[in-house]
K.L.:
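Could you have a look at this structure, given as structure tokens, before my questions?
Each chain gets a letter, A, B and so on, in the order its sequence line appears, and its residues count up from 1.
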Number of protein chains: 2
Amino acid sequence: MKYILQDLKVNINNNIYLKDPESSTLGKKIVEFSILLIDEIGFDSFTFKKLGVKIGSNESSIYRYFENKHKLLLYLTSWYWGWLEYQLVFTTNSISDAKEKLTKAIEIITRTTKEDSSFSHINEILLNKIVINEYSKSYLTKEVDSENKDGYFSIYKRLVNRIKDMIKEVDGDYKYPTSLASTVTEGALHQHFLKDHFSSLTDCDEKITPTTYFINLVFNSLNNQKND
Amino acid sequence: MKYILQDLKVNINNNIYLKDPESSTLGKKIVEFSILLIDEIGFDSFTFKKLGVKIGSNESSIYRYFENKHKLLLYLTSWYWGWLEYQLVFTTNSISDAKEKLTKAIEIITRTTKEDSSFSHINEILLNKIVINEYSKSYLTKEVDSENKDGYFSIYKRLVNRIKDMIKEVDGDYKYPTSLASTVTEGALHQHFLKDHFSSLTDCDEKITPTTYFINLVFNSLNNQKND
DNA sequence: TAAGTATTAATAGTAATACTATTATTTTTG
DNA sequence: CAAAAATAATAGTATTACTATTAATACTTA
């Protein structure tokens, strides 16, 4: 797995960036250190000026890669969802049993990222934390509709769709497969956040993981006579 | 109901504001027009300067009520959750049947606000939209923990707790009542957002409401032998 | 290898944001 | 009516979020 993901190049909508950050050393440094800096000070306080200082580059050089920090966030989160999607497809591909397949899928999208593929410049553990803390900000904007039209969220949408399809495979009669898929995907981020900051609003802790909770939630709804 | 809510004064943690906006005409204008302006241009573009122009007051006068726009958002959303809580308690109080009570509660927290109590200066329809679009931004910050400690989110937490209690009343053996309560509360906002901006990620539309979906979701999990 | 072309860095500058401080004016209230 | 409180006006600051221009460096190919 590690060795296959090694050469992974996530395909990101090329309108998100001005110049492909994968195409140069500076570009990779921008991506690498923006993850460290956003994790450190939060997206709201993050600026290209501060990033420039961190990487010993000029602010204006960063602007040649990304129009603004919002686009950079879209880039990072798209990369994350693409990376998760890859794991999802790779891991579940060979599973023929629908229930087992869905279980595995939920595991992947609800777990905490614990391993960082040290060879690449992207720290997946920190990126996972950034997605938990900042992803909502990428779409809770006045520009969502036009950015959505431009395909900036397509990787995320494709991922949710894959889960929806797996839900349908388990129970073709269930009425809300799409909402359930989006609830799990977004809800997982939320439960992780609550676990870290509002422990009184979640049952998740060291023992009970969001994975346990969501597997239970999903399978309670599927093939349930209450539904028919 | 209308007439009882009329005199409602939501009790908001007084560290959120510098001076109680309910205590003066200017304060009420700040609240009233900030709702209109945030709805219009979004919280990210909203500034005290723009609000000042809108209400014909000086920027610096607004700063005497709220430290910054983040605190104002905390105020508005706290008001909203307090208002919802009031409706929840008022409506479910007299219901003795646990299932019926929970059903009603889910209805209240997942429905779209459609009526505005025209007597007050607060437009609840727009405030509901603001909560859908901006609430996450109030807690996805580096300051969450200290602000949480200061009680800035206590109304929201109390609301989620009430739902948790109702879930427990229906099924004392269900293992994740708190997570389920927070999933419904936050998930409802999310499904409304998806309905408006990412229709491919939800089954909710004009016919199927988030209420329908979440009532189904919750009751599939409760008193379900799959759980035991 | 020289010349041309990208790329990046450095510098400077702008409009807007997010405030703070001071003083003047108006309103409230005792 | 006088004092106190509230509000408005003005000015100012540091930072943000950029844009534009020019200089320096590296890379490429005739």
Side-chain angles (χ1 to χ4, degrees), chain A residues 14-34 37-38 40-76 121 134 137-138 140-143 147 152, chain B residues 14-34 37-38 40-76 121 134 137-138 140-143 146-147:
Chain A
N14 57 20
N15 292 312
I16 289 182
Y17 49 77
L18 296 169
K19 179 180 167 163
D20 185 359
E22 286 300 309
S23 71
S24 75
T25 313
L26 179 62
K28 284 179 201 152
K29 265 182 107 176
I30 289 171
V31 170
E32 176 175 4
F33 288 91
S34 65
L37 190 54
I38 292 172
E40 190 185 330
I41 63 174
F43 184 68
D44 298 332
S45 302
F46 172 89
T47 68
F48 280 179
K49 184 155 220 161
K50 290 175 186 168
L51 179 59
V53 171
K54 192 124 186 161
I55 63 179
S57 263
N58 202 276
E59 194 189 3
S60 55
S61 303
I62 302 166
Y63 276 106
R64 313 189 108 253
Y65 287 84
F66 295 100
E67 243 177 285
N68 48 48
K69 69 174 185 171
H70 173 244
K71 289 283 179 81
L72 172 59
L73 181 61
L74 285 173
Y75 181 88
L76 295 177
H121 56 292
E134 322 284 3
K137 297 174 191 168
S138 76
L140 295 178
T141 67
K142 280 280 166 184
E143 297 79 34
E147 292 189 346
Y152 292 3
Chain B
N14 57 20
N15 292 312
I16 289 183
Y17 48 78
L18 297 169
K19 178 180 168 163
D20 185 0
E22 286 301 308
S23 71
S24 76
T25 313
L26 180 62
K28 284 179 201 151
K29 267 182 105 175
I30 289 172
V31 170
E32 176 174 5
F33 287 91
S34 66
L37 190 54
I38 292 173
E40 188 185 332
I41 64 175
F43 184 68
D44 299 333
S45 302
F46 172 88
T47 68
F48 281 179
K49 185 155 218 161
K50 289 175 187 169
L51 178 60
V53 171
K54 193 124 185 160
I55 63 179
S57 264
N58 203 276
E59 196 189 2
S60 55
S61 304
I62 302 167
Y63 276 107
R64 313 187 109 252
Y65 286 84
F66 295 101
E67 242 178 285
N68 49 48
K69 69 175 188 171
H70 173 244
K71 289 283 180 80
L72 172 59
L73 181 62
L74 285 172
Y75 181 89
L76 295 177
H121 55 290
E134 323 284 2
K137 296 174 191 168
S138 76
L140 294 178
T141 67
K142 280 279 167 185
E143 297 79 33
S146 82
E147 293 189 345

K.L.:
Could you tell me the separation between the CG atom of B/Leu18 and the CG atom of B/Asn68, rounded to the nearest 0.5 Å?
P.N.:
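It is 9.0 Å, given to the nearest 0.5 Å.
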K.L.:
Looking at DNA chain D, which of residues 66-74 of chain B put a heavy atom within less than 4.0 Å of it?
P.N.:
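Correct list: empty, so none.
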K.L.:
Within this structure, what is the CZ-NZ distance for the pair B/Phe48 and B/Lys54, rounded to the nearest 0.5 Å?
P.N.:
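That separation rounds to 15.5 Å.
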K.L.:
What's the spacing between A/Ile41 CD1 and A/Leu51 CG if we round to 0.5 Å?
P.N.:
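Spacing of CD1 (A/Ile41) from CG (A/Leu51) equals 9.0 Å.
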K.L.:
Quick one: pull up CG in B/Leu73 and CD1 in B/Ile16 and give me the separation to the nearest 0.5 Å.
P.N.:
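Nearest 0.5 Å value for the CG-CD1 distance: 10.0 Å.
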K.L.:
Give, ordered by number, those residues of residues 40-57 of chain B having at least one heavy-atom distance below 4.0 Å to an atom of DNA chain D; if nothing qualifies, reply none.
P.N.:
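Those residues are B/Ser57.
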K.L.:
Regarding B/Tyr75 and B/Ser34, do their side chains bring together a donor and an acceptor under 3.5 Å, going by distance alone?
P.N.:
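No, no side-chain donor-acceptor contact under 3.5 Å.
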K.L.:
CG of B/Asn14 to OH of B/Tyr17: how many Å apart, nearest 0.5 Å?
P.N.:
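One gets 4.5 Å once the value is rounded to the nearest 0.5 Å.
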K.L.:
At the 4.0 Å heavy-atom cut-off to chain B, mark where contacts on DNA chain C begin and end, going 5' to 3'.
P.N.:
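Listed 5' to 3', the contact boundaries are C/dT17 to C/dA21.
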K.L.:
Charged N to carboxylate O below 4.0 Å: is that the case for A/Lys137 and A/Asp44?
P.N.:
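Salt bridge flag = yes for A/Asp44 with A/Lys137.
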K.L.:
If you look only at distance, which donor and acceptor atoms sit under 3.5 Å apart when one is on a side chain in residues 56-64 of chain B and the other is two or more places apart or in another chain?
P.N.:
from, atom 1, to, atom 2, distance (Å)
B/Asn58, OD1, B/Ser60, N, 3.1
B/Asn58, OD1, B/Ser60, OG, 2.9

K.L.:
With a cut-off of less than 4.0 Å, is there a side-chain N or O of B/Ser60 near OP1 or OP2 of D/dA8?
P.N.:
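So the side-chain polar atoms of B/Ser60 never come under 4.0 Å of the phosphate oxygens OP1 or OP2 of D/dA8.
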K.L.:
Can you name the salt bridge (Lys or Arg N to Asp or Glu O under 4.0 Å) partners of B/Glu32, sequence neighbours left out?
P.N.:
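B/Glu32: no salt bridge (Lys or Arg N to Asp or Glu O under 4.0 Å) contacts found.
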K.L.:
Give the residues of residues 17-31 of chain B touching DNA chain D, defined as any heavy atom closer than 4.0 Å, sorted by residue number.
P.N.:
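Of all residues in residues 17-31 of chain B, the ones placing a heavy atom under 4.0 Å from DNA chain D are B/Lys19, B/Ser24, B/Leu26.
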K.L.:
Could you walk me through whether A/Tyr152 and A/Ser138 satisfy the side chain to side chain donor-acceptor pair (under 3.5 Å) test, starting with their C-alpha distance in whole Å, then the side-chain angles of each, then the deciding distance to 0.1 Å, before giving a yes or no?
P.N.:
CA-CA 10 Å; A/Tyr152 292 3; A/Ser138 76; over 6 Å; no
K.L.:
How about NZ on B/Lys142, more than 12 heavy atoms from neighbouring residues, nucleotides or ligands closer than 6.0 Å, or not?
P.N.:
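It does: B/Lys142 NZ has more than 12 such atoms within range.
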K.L.:
Given 3.5 Å as the limit, does a donor-acceptor pair link the side chain of B/Ser45 with the main chain of B/Gly42, or not?
P.N.:
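No, the answer is negative, given that no donor and acceptor are paired below the 3.5 Å cut-off.
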K.L.:
A cation-pi test, strictly: NZ or CZ of A/Lys69 under 6.0 Å from the centre of the six-membered ring of A/Phe43 and no more than 45 degrees from its axis. Yes or no?
P.N.:
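Because its charged atom sits under 6.0 Å from the ring centre and within 45° of the axis, A/Lys69 does stack over A/Phe43.
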K.L.:
Separation of A/Ile62 atom CD1 from D/dA17 atom C1', in whole Å?
P.N.:
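The distance from CD1 of A/Ile62 to C1' of D/dA17 comes to 12 Å, rounded to the nearest Å.
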